[in-house]
Each structure stands twice: as C-alpha cells, then as structure tokens.
Amino acid sequence: MCGRFTITVTIGLPERFGVAHCKVPLLPRYNIAPSQPVPVITHPFGSIRECQEMTWGLIPSTSKDPTHSPRPINARAETLHERSTFRPLLSSRRCLIPATGFYEWVRSGKSSIPYYIHCKNGDFFALAGLWDAWKAPDGLFRKTFTIITTRPNPLVARYHDRMPAILLPENEARWLDFMTPSNKELKELLSPYPEEYLTAHRVSLAVNDPMHEDASLIKRDEGGVLPV
DNA sequence: CCAGACGTTGTT
DNA sequence: GTCTGG
DNA sequence: CCAGACGTTGTT
DNA sequence: GTCTGG
C-alpha cells in the first residue's frame, strides 16, 4: 500500500508537472505521513494546471462530522467504481501527487522494517489520487486527498501485496483530463508501474516515527537478514 | 420509500 | 453523491 | 503507514 | 484492543 512517501527534490518540480507558478511552499520532504499537508496537482476544467496544498486523508464533501469518520489514505483501484465514497470523485476530482519515492514495511515480529522504493534514475513520478473539498463549520473549505493503490509489480511484491498507483508520464495528462476515462481505460492507467524503472533498499527504523524528517532517512541501511 | 453509512491495511 | 439495509 | 495514547472533574 | 495524531 502506500502510507508514507517522499519528495526529496523540489527543483524542477513545477516544470516537470506543468505548473507555471507554484504558490505553495516546496521543501524537500523525507517522511510524508497521513494528515500532513502535501502539494497536489489538479487541472481545473477550462484552466491551467494548479499546484495546491491538500491534507492526506480524504474527507468527502458530504461528511457531516469528519472528526469521528474514517479518512481513507488509500483507495483500491480495483473497486474505485463501486465504492460510494470514491465513485463520485472519479469524474472530476482526479489529481496527481508528485513524489520521488515511497516506503513499504515488512513486519518482523514486533517491529516493522522499512524499505525505500524509488526511481533508479532519481526522477519524479506522479501518484494517482482523488481529492475533495469539505466545508467546515467556519465556512472554509478543507481540501483532502487519497492515494490509489494497485497490485504490486514483482519488485514491490517482495515487500508488500499492494503499491501506490504510479502513472506513466505519458498518461499523466490523461488522468487529469476533464474527459473521464472509461472503466477500461482507468484499469489501464492504474496498472502496476513497470519494475524496471524502480529500485528498493532497506532504510533505518528512524523512518517509522513520522516526527523524523531528515535526509538520512533514505540512506541504505545494512541492518539485517530480511529481503534485499 | 427513508435512514445511515460511506476505507484500507494487516493481523488474529 | 451513491450504495446498503430496513 | 507507525507511534502513542487511551479520563473526568474542578480549579488555576 | 482501538482510536488519534503526525
């Protein structure tokens, strides 16, 4: 699945994702966790692409009291069209979440061992997401999003049975297009990202604590005997 | 019809 | 908004 | 995702 | 065990 990710590089991010003027602060992030603000790319109908901050963990616009409702951080690609929470968002609330890597954990007894998965060449990639705006009692809108998950490619399957839906660069515009993809096309867009572009290595247990945020988190850690 | 919920993950 | 349960 | 808390009352 | 917070 996808419960933590990174944006280790911010130089060139607006250009890479077709955003002319990015109004949100772009800082390197080494441990992005649910509930945190994250830069998200949208393409409003009849306008240009935008990059805005949204909170990770979806609060549907119809939510009455989000305090005590689930805020899904992931949505299964296989069942998007049959989930009442996600289906209404498929037509006009698709978004891209820029990233340079993500973490997956392997449970080992009482502890969880983190692995870092990223592009071999260090490129950005775009996670496929859905967002919504919820009107708070104060009248302000809270924008939130969820990351779509899909089957793992063989590389990620060594660590987990799910992985985030990473879009092929040539498909990113289609995902944002106001012409909603058919179910068939959605399935294709959200298929597992090819493993040959990715690599993975074990990292420090320091990643487990979302308070830890420094660049050393993504360094290789020769800690043990678990899978590469 | 209306009322009420609406998620994923991993673990047992 | 849409689906499920009663 | 993992880590950490998990309560109420009355008083300052 | 389960919920909340980051």
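All of these numbers come straight from a predicted model, not from anything done at the bench. Numbers restart at 1 for each chain; the letters A, B, ... are given by sequence-line order, proteins then strands.
Nucleic acid contact for A/Thr55: none, since no nucleic acid atom lies under 4.0 Å from a heavy atom of the residue. At a threshold of 4.0 angstrom between heavy atoms, the contacts of A/Ser112 are confined to the sugar-phosphate backbone, with no base atom among them. The residue A/Tyr103 sits apart from the nucleic acid: no heavy atom pair falls under 4.0 Å. Using a 4.0 Å heavy-atom distance criterion, A/Thr149 is classed as a sugar-phosphate-only contact. Nucleic acid contact for A/Arg71: none, since no nucleic acid atom lies under 4.0 Å from a heavy atom of the residue. Within the 4.0 angstrom heavy-atom criterion, only backbone atoms of the sugar-phosphate kind lie near A/Asp161; the bases stay farther away. Among the protein residues, A/Ile73 comes within range of the nucleic acid bases, having at least one heavy atom under 4.0 Å from a base atom.
Taking the C1' atoms as reference points, B/dG7 lies 22 Å from D/dG4, given to the whole Å. D/dT9 and B/dC2 have their C1' atoms separated by 41 Å, with the value rounded to a whole Å. A distance of about 16 Å separates the C1' atoms of B/dT8 and E/dC3, rounded to the whole Å. Nucleotides B/dC1 and D/dG10 have their C1' atoms positioned 50 Å apart, rounded to a whole Å.
Evaluation of the side-chain contact (heavy atoms from CB on, under 4.5 Å) rule for A/Thr62 yields A/Pro60 as partners, not counting sequence neighbours. For A/Glu213, there are no side chain to side chain donor-acceptor pair (under 3.5 Å) partners at least two apart in sequence or on another chain. Evaluation of the side chain to side chain donor-acceptor pair (under 3.5 Å) rule for A/Trp105 yields A/Asn208 as partners, not counting sequence neighbours. With sequence neighbours excluded, the residues that form a ring-ring contact (aromatic ring centres under 6.0 Å, His included) with A/Tyr103 are A/Tyr116. With sequence neighbours excluded, no residue forms a ring-ring contact (aromatic ring centres under 6.0 Å, His included) with A/His43. Residues that satisfy the ring-ring contact (aromatic ring centres under 6.0 Å, His included) test with A/Phe141, not counting sequence neighbours, are absent from this structure.
Residue A/Met211 belongs to no hydrophobic cluster, having no ILVMFWY side-chain heavy atom closer than 4.5 Å to its own.
Of all nucleotides in DNA chain D, those with any atom nearer than 4.0 Å to a heavy atom of chain A start and finish, going 5' to 3', at D/dC1 to D/dA3.
A side chain to side chain donor-acceptor pair (under 3.5 Å) check over residues 165-174 of chain A, counting only residues at least two apart or in different chains, returns the pairs A/Arg16-A/Glu172, A/Arg174-A/Glu185. Within the structure, the salt bridge (charged side-chain N to carboxylate O under 4.0 Å, His left out) test picks out the following pairs touching residues 83-96 of chain A (sequence neighbours left out): A/Arg93-A/Asp132.
Taking hydrophobic clusters as Ile, Leu, Val, Met, Phe, Trp and Tyr residues chained together by side-chain heavy-atom distances below 4.5 Å, A/Trp134 does not share a cluster with A/Leu130.
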Note, DNA chain C 5' to 3' with Watson-Crick or G-U pairs under 3.5 Å encoded as ( ), [ ], | and . gives ||||||
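In this structure, a donor-acceptor pair under 3.5 Å is absent between the side chains of A/Thr180 and A/Ser91.
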Could you list the protein-to-nucleotides 3-6 of chain C atom pairs, N/O on both sides, closer than 3.5 Å?
unit_1: C/dC3; atom_1: OP1; unit_2: A/Arg87; atom_2: NE; d: 3.0

